[in-house]
Amino acid sequence: MDWGALHTILGGVNKHSTSIGKIWLTVLFIFRIMILVVAAERVWGDEQDDFVCNTLQPGCKNVCYDHFFPISHIRLWALQLIFVSTPALLVAMHVAYRRHEKKRQFRKGDQKCEYKDIEEIRRQRFRIEGSLWWTYTSSIFFRLVFEAVFMYAFYFMYDGFRMPRLMKCNAWPCPNTVDCFVSRPTEKTVFTIFMIAVSSICILLNVAELCYLLTKFFLRRSKKAVNPKHQPNHENKEETKQNEMNELISDSCQNTVIGFSS
Amino acid sequence: MSWGFLRDLLSGANKYSTGIGRIWVAVVFVFRLLVYIVAAENIWKYERDEFECNIKQPGCKNVCFDHFFPVSHIRLWALQLIMVSAPSLLVIFHVAYQENREKHQNQKLYRSPGKIDGGLLCTYLISLILKVGFEIVFLVLFYILYDGFKVPRLVKCDVRPCPNTVDCYISKPTEKMIFLSFLVATSCLCIALNLSELSYLIFKYSIKCYLKRYIKKRQ
């Protein structure tokens, strides 16, 4: 169980997402999770061992480290990624529930059911309409909230996004004020800024997706008001091709993430 | 043999769960197992090395660490995850047993897969009660062993061979406390989900039984 398993869970949601949603998922896996696993964990790996204080007083280093790093950057990012991925599970559950209902109808032999077999129900891609639209939109809203909360928590806890080289500590049992030195401050600053930048891009993508969904919703409503006939689905073939391309990309990402995380 | 086994076990049990049961599995996977593996394990990785006592007396640090951490938080957390997932095995064994019987008798014993009724319902209810029981036992154990869910920065140790009272410092106490609070919150959420699933199933099948008897009486 690791990030690869999360990818499997979210990969299923990918089929039912909009194009912007698919780009968001790719950015999440390549520029955030993969960077976290492959690079950031190594940079922060030795953070407490190489945190050095200019004192021989036992316990001073522990206390100062705890004072300046109540929760490590790397753990905060891991939590942020987990929370930000979770709303997609709502969509996955909704889709699973709809599939379950269709299978039930099919088994009862309902004549309204237009599927030939259960495999077709399993493979079917649901359009983002009706109650699924509300679930999907709420999931994007929650994603935005979680991203913003974590970014604020980061800024608040670490007083900006810079990692200083030197910290002055006077927590007990340190005698007077003691100089403590952080290991690899520049590298940590670079990665912090990178992760914040990618978070901001993800926020923009989510905002764009939200606007797109709202625009589509209002346009559909106004079209229904003008022309109540059902629109033909000739967009489906192009969307299927896009789905296949995205699945190819996400499969190769999954192999890389699993390879690196193991 | 690793956490992947637990994941497969829970995925197998998922097929025979109710909707609430599936939410429970998702919460356990994402908020407990994944958080444990990607974040919590690394915080407690060097807890013994980073535990520092203000003394040069050999053996004092070992004895103090053992006195204050009889079982490490992270091991208790792992045990809790395993014990809480284990009752799902009852459901899987029951289904495997029934499928075996079906094969021998060439007869379908369940109306449809995924529908919980009869003996499977009893097994499922017992597994829910066991899950709630294990969750509560582990939360109480955490509370008793560590005097609440706090992780102090400093502990005062006067166990032999430490001379007098010695100050010992725990590493990353704030981060450990944050993750312990997270563990307690997700445990309570899982208890709430299990209790609501239990009530839902008992209520649903009582109504069903009552209606059947009522219809029979009228006939």
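Each chain gets a letter, A, B and so on, in the order its sequence line appears, and its residues count up from 1.
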Checklist entry - Considering only heavy atoms, which portion of A:W77 lies under 4.5 Å from any heavy atom of chain B: side chain, backbone, both, or neither? => result neither
Checklist entry - Hey, what do you get for CG (B:L34) to CG (A:L6), rounding to the nearest 0.5 Å? => result 6.0 Å
Checklist entry - Side chain, backbone, both or neither: which part of B:L154 has a non-hydrogen atom closer than 4.5 Å to chain A? => result side chain
Next on the checklist: Using a 4.5 angstrom heavy-atom cutoff, name the option from A:I74, A:D49, A:L81, A:V63 with the most pairs to chain B.
Outcome noted: A:V63
Checklist entry - Under the side-chain contact (heavy atoms from CB on, under 4.5 Å) criterion, do B:K172 and A:Q48 qualify, and how do the steps go? => result CA-CA 9 Å; B:K172 310 193 214 196; A:Q48 198 175 348; 3.2 Å; yes
Checklist entry - Where does B:Y36 contact chain A at under 4.5 Å (heavy atoms): side chain, backbone, both or neither? => result neither
Item to check | Residue pair A:D66 / B:T174, side-chain donor-acceptor N/O under 3.5 Å | outcome: yes
Checklist entry - Stepwise, does the side-chain contact (heavy atoms from CB on, under 4.5 Å) test hold for A:R75 with B:N42? => result CA-CA 9 Å; A:R75 250 79 64 183; B:N42 293 326; 3.5 Å; yes
Next on the checklist: Looking at A:F142, I'd like to know if its CZ atom is crowded, meaning that more than 12 non-hydrogen atoms belonging to other residues, nucleotides or ligands lie closer than 6.0 Å.
Outcome noted: no
Next on the checklist: Does A:W134, at its CH2 atom, have more than 12 non-hydrogen atoms belonging to other residues, nucleotides or ligands within less than 6.0 Å?
Outcome noted: no
Next on the checklist: What's the separation between atom CD in A:Q57 and atom CD in B:E52, rounded to the nearest 0.5 Å?
Outcome noted: 9.0 Å
Checklist entry - Just wondering, are more than 12 heavy atoms of other shown residues or ligands nearer than 6.0 Å to CG in A:L56? => result no
Checklist entry - After noting the C-alpha distance and the side-chain angles of B:F29 and A:L89, does the key distance pass the side-chain contact (heavy atoms from CB on, under 4.5 Å) rule? => result CA-CA 12 Å; B:F29 271 174; A:L89 286 177; over 6 Å; no
Next on the checklist: Between A:F83 and chain B, with a heavy-atom cut-off of 4.5 Å, which part of the residue counts as in contact: side chain, backbone, both or neither?
Outcome noted: side chain
Checklist entry - What's the verdict on side-chain contact (heavy atoms from CB on, under 4.5 Å) for A:L79 and B:F179, showing C-alpha distance, side-chain angles and the deciding distance? => result CA-CA 10 Å; A:L79 279 180; B:F179 277 86; 3.9 Å; yes
Checklist entry - So with a 6.0 Å cut-off around CZ of A:F161, is the heavy-atom count from everything else above 12? => result yes
Next on the checklist: Please rank A:S72, A:C60, A:A92, A:G45 by heavy-atom pairs under 4.5 Å with chain B and give me the top one.
Outcome noted: A:S72
Next on the checklist: How long is the straight-line distance from CZ of A:F51 back to CD of B:E50, given to the nearest 0.5 Å?
Outcome noted: 12.0 Å
Next on the checklist: Less than 4.5 Å to any heavy atom of chain A: does that hold for the side chain of B:C53, its backbone, both, or neither?
Outcome noted: backbone
Next on the checklist: Taking CZ in A:F181 as the centre, count heavy atoms belonging to other residues, nucleotides or ligands within less than 6.0 Å. Is the count above 12?
Outcome noted: yes
Item to check | Residue pair A:A78 / B:V38: nearest heavy atoms and the distance that separates them | outcome: CB-CG2, 4.1 Å
Checklist entry - So, for B:Y169 and A:N62, which heavy atoms are closest and what is the spacing to 0.1 Å? => result O-ND2, 3.2 Å
Checklist entry - Can you name the closest pair of heavy atoms from A:P58 and B:N54 and give their distance? => result CG-OD1, 3.3 Å
